[in-house]
Trainee: 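A single structure is presented below for examination.
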Amino acid sequence: LTSGMSRELHEYCLKVGTRLTPQHRVIGDYTDKLGGISRMCVSADEGQFLETMAKIVSARNVVEVGCFTGYGTLSLALGTKERVYTLDIADDHLAQARAQWDAAGVGERVEHIKGPAARSMLLVRALGFGKGAASAVRAAMDGGAVAGAAGEGQAQLVFVDADKASYAAYVEHAFHL
């Protein structure tokens with residue numbers, strides 16, 4: 001996890017290279033209490049990297065595949081100008097995550113879409129990022145008709161952090177978002 005650097009150097013990098021919001025700390029504490037599965041969470045330095053990358057590319061629309069407890073989502077939203085679509089098969093931790101996104105002032109720009117990520121990505125590709133698109137994607141995920149402004153907008157950044165066995169498919173879909 002420390003990219004081959006010494007523990008001391010890693011701790012120094014965390015100390016001077018990350019700016020954690022109070023909401024990051026709350027999500028981190030919540031996640032730590034989940035036990036062994038907490039290792040799935042984006043780390044503080046990874047979160048800072050995601051926020052920085054979103055700012056560097058002037059991301060307006062971001063797609064995150066794999067939300068878990070929302071730490072990475074928060075980081076992406078802090079670096080994004082418009083919208084983060086976070087796709088996940090589950091929503092077990094969504095209420096806790098949503099509370100922290102709202103407290104950080106980015107909640108209105110985060111769209112959580114529950115369902116298989118490959119299907120969600122296809123629907124996001126078809127429906128785009130325009131006004132009402134997230135609702136249309138959610139309705140289609142629930143078996144509704146696919147309707148909306150075709151392909152309005154595109155993603156400037158896609159972060160894949162979910163089902164490792166499906167990475168190849170996710171990356172292929174990401175090229176078309």
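Every heavy atom of this structure was used, including side-chain atoms; hydrogens, water molecules and symmetry mates were not.
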Trainee: Indicate the atoms forming the closest heavy-atom contact of G66 with A162, along with that distance.
Mentor: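 Looks like CA-CB, 3.9 Å.
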Trainee: Enter the distance from T69:OG1 to K33:NZ here, rounded to the nearest 0.5 Å.
Mentor: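 Here the rounded value is 12.5 Å.
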Trainee: Roughly how far, to the nearest 0.5 Å, is the CZ atom of R119 from the CG atom of L123?
Mentor: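 Separation between the atoms: 4.5 Å.
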Trainee: With clusters defined by side-chain heavy atoms of hydrophobic residues (ILVMFWY) lying less than 4.5 Å apart, directly or transitively, does L157 cluster with W101?
Mentor: yes
Trainee: Indicate, with yes or no, if V42 and V65 share a hydrophobic cluster defined by side-chain heavy-atom contacts under 4.5 Å among Ile, Leu, Val, Met, Phe, Trp and Tyr.
Mentor: no
Trainee: Is any side-chain heavy atom of Q48 closer than 4.5 Å to one of R19?
Mentor: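 R19 vs Q48: side chains touch.
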Trainee: Does Q100 reach the main-chain N or O of I27 with its side chain, forming a donor-acceptor pair under 3.5 Å?
Mentor: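 It does not hold such a pair.
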Trainee: With sequence neighbours left out, what residues match F159 under ring-ring contact (aromatic ring centres under 6.0 Å, His included)?
Mentor: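 With neighbours one apart ignored, the set is empty.
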Trainee: Same cluster for Y85 and L76 if Ile/Leu/Val/Met/Phe/Trp/Tyr side chains link at under 4.5 Å?
Mentor: no
Trainee: In chain order, what residues pass the side-chain contact (heavy atoms from CB on, under 4.5 Å) check against A99, with sequence neighbours excluded?
Mentor: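 Applying side-chain contact (heavy atoms from CB on, under 4.5 Å) to A99 gives none.
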Trainee: Which heavy atom in L87 sits nearest to a heavy atom in A117, and how many Å separate them?
Mentor: CD1-O, 4.2 Å
Trainee: CZ of R60 to OG1 of T80: how many Å apart, nearest 0.5 Å?
Mentor: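 The distance works out to 11.0 Å.
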Trainee: Examine L50 and V160 and state if one hydrophobic cluster contains both, with Ile, Leu, Val, Met, Phe, Trp and Tyr joined whenever side-chain heavy atoms are less than 4.5 Å apart.
Mentor: no
Trainee: Please give me the minimum heavy-atom distance between G70 and A97, naming the atom from each residue.
Mentor: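 Looking at all heavy atoms of both residues, the closest pair is CA-CB, 4.0 Å.
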Trainee: Any side-chain to backbone donor/acceptor pair from E46 onto S43? Under 3.5 Å, distance only.
Mentor: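 Looks like yes, one N/O pair under 3.5 Å.
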Trainee: Would you say V110 and T86 make side-chain contact, with heavy atoms under 4.5 Å?
Mentor: yes
Trainee: Does R83 have any salt bridge (Lys or Arg N to Asp or Glu O under 4.0 Å) partners at least two apart in sequence or in another chain, and if so, which?
Mentor: E111
Trainee: A side-chain contact here means heavy atoms from C-beta on lying under 4.5 Å apart; do H173 and L122 qualify?
Mentor: yes
Trainee: Are I113 and I89 linked, directly or through other ILVMFWY residues, by side chains that come within less than 4.5 angstrom of each other?
Mentor: no
Trainee: Return yes if some donor-acceptor pair links the side-chain N/O of Q156 with the main-chain N/O of Q154 below 3.5 Å, else return no.
Mentor: yes
Trainee: Tell me, please, which residues at least two apart from Y170 pass ring-ring contact (aromatic ring centres under 6.0 Å, His included).
Mentor: none
Trainee: Side chains of V26 and P22: closer than 4.5 Å at any heavy-atom pair?
Mentor: no
Trainee: List for me each residue that meets side-chain contact (heavy atoms from CB on, under 4.5 Å) alongside K55, sequence neighbours excluded, and say none if there are none.
Mentor: E51
Trainee: Going by the ring-ring contact (aromatic ring centres under 6.0 Å, His included) test, which pairs reach into residues 43-65, not counting sequence neighbours?
Mentor: none
Trainee: Apply side-chain contact (heavy atoms from CB on, under 4.5 Å) to S58 and list each qualifying residue two or more places apart in sequence or on a separate chain.
Mentor: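 In terms of side-chain contact (heavy atoms from CB on, under 4.5 Å), with neighbours along the sequence ignored, S58 is linked to K81.
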Trainee: Measuring from atom CG of D32 to atom SG of C41, what distance do you get when rounded to the nearest 0.5 angstrom?
Mentor: 8.0 Å
Trainee: Could you work out, with salt bridge (Lys or Arg N to Asp or Glu O under 4.0 Å) as the rule, every residue matching D91, not counting sequence neighbours?
Mentor: K114
Trainee: Run the side chain to side chain contact (heavy atoms under 4.5 Å, CB included) check on V84 and R109 step by step: do they pass?
Mentor: CA-CA 6 Å; V84 176; R109 295 188 291 110; 5.7 Å; no
Trainee: From L74 CG over to L20 CG, what is the distance, rounded to the nearest 0.5 angstrom?
Mentor: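 The distance works out to 10.0 Å.
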Trainee: Can you tell me if OH on Y167 sees more than 12 non-hydrogen neighbours from other groups inside 6.0 Å?
Mentor: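 Correct, the count exceeds 12.
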Trainee: Atom SG of C67 and atom CZ of R98: how far apart are they, to the nearest 0.5 Å?
Mentor: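 It is 9.0 Å, given to the nearest 0.5 Å.
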Trainee: For H112, check ring-ring contact (aromatic ring centres under 6.0 Å, His included) against everything at least two apart and list the hits.
Mentor: none
Trainee: With ring-ring contact (aromatic ring centres under 6.0 Å, His included) as the rule and sequence neighbours excluded, what pairs involving residues 59-80 come up?
Mentor: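 Of all non-adjacent pairs touching residues 59-80, those that pass ring-ring contact (aromatic ring centres under 6.0 Å, His included) are H24-Y71, F68-H93.
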Trainee: Testing the basics here: between S75 and G47, what is the closest heavy-atom pair and its distance to 0.1 Å?
Mentor: CB-O, 3.2 Å
Trainee: Mind checking side-chain contact (heavy atoms from CB on, under 4.5 Å) for K15 and listing every partner two or more places apart, or none if nothing turns up?
Mentor: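 Partners of K15 by the side-chain contact (heavy atoms from CB on, under 4.5 Å) criterion come out as none, since no residue qualifies.
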Trainee: Which heavy atom of D102 sits nearest to which heavy atom of G107, and what is that distance?
Mentor: OD1-CA, 3.2 Å
Trainee: Running the 4.5 Å side-chain criterion over Ile, Leu, Val, Met, Phe, Trp and Tyr, what cluster does V171 land in, apart from itself?
Mentor: F175
Trainee: Within the structure provided, determine whether M121 and L177 are in side-chain contact (heavy-atom separation under 4.5 Å).
Mentor: yes
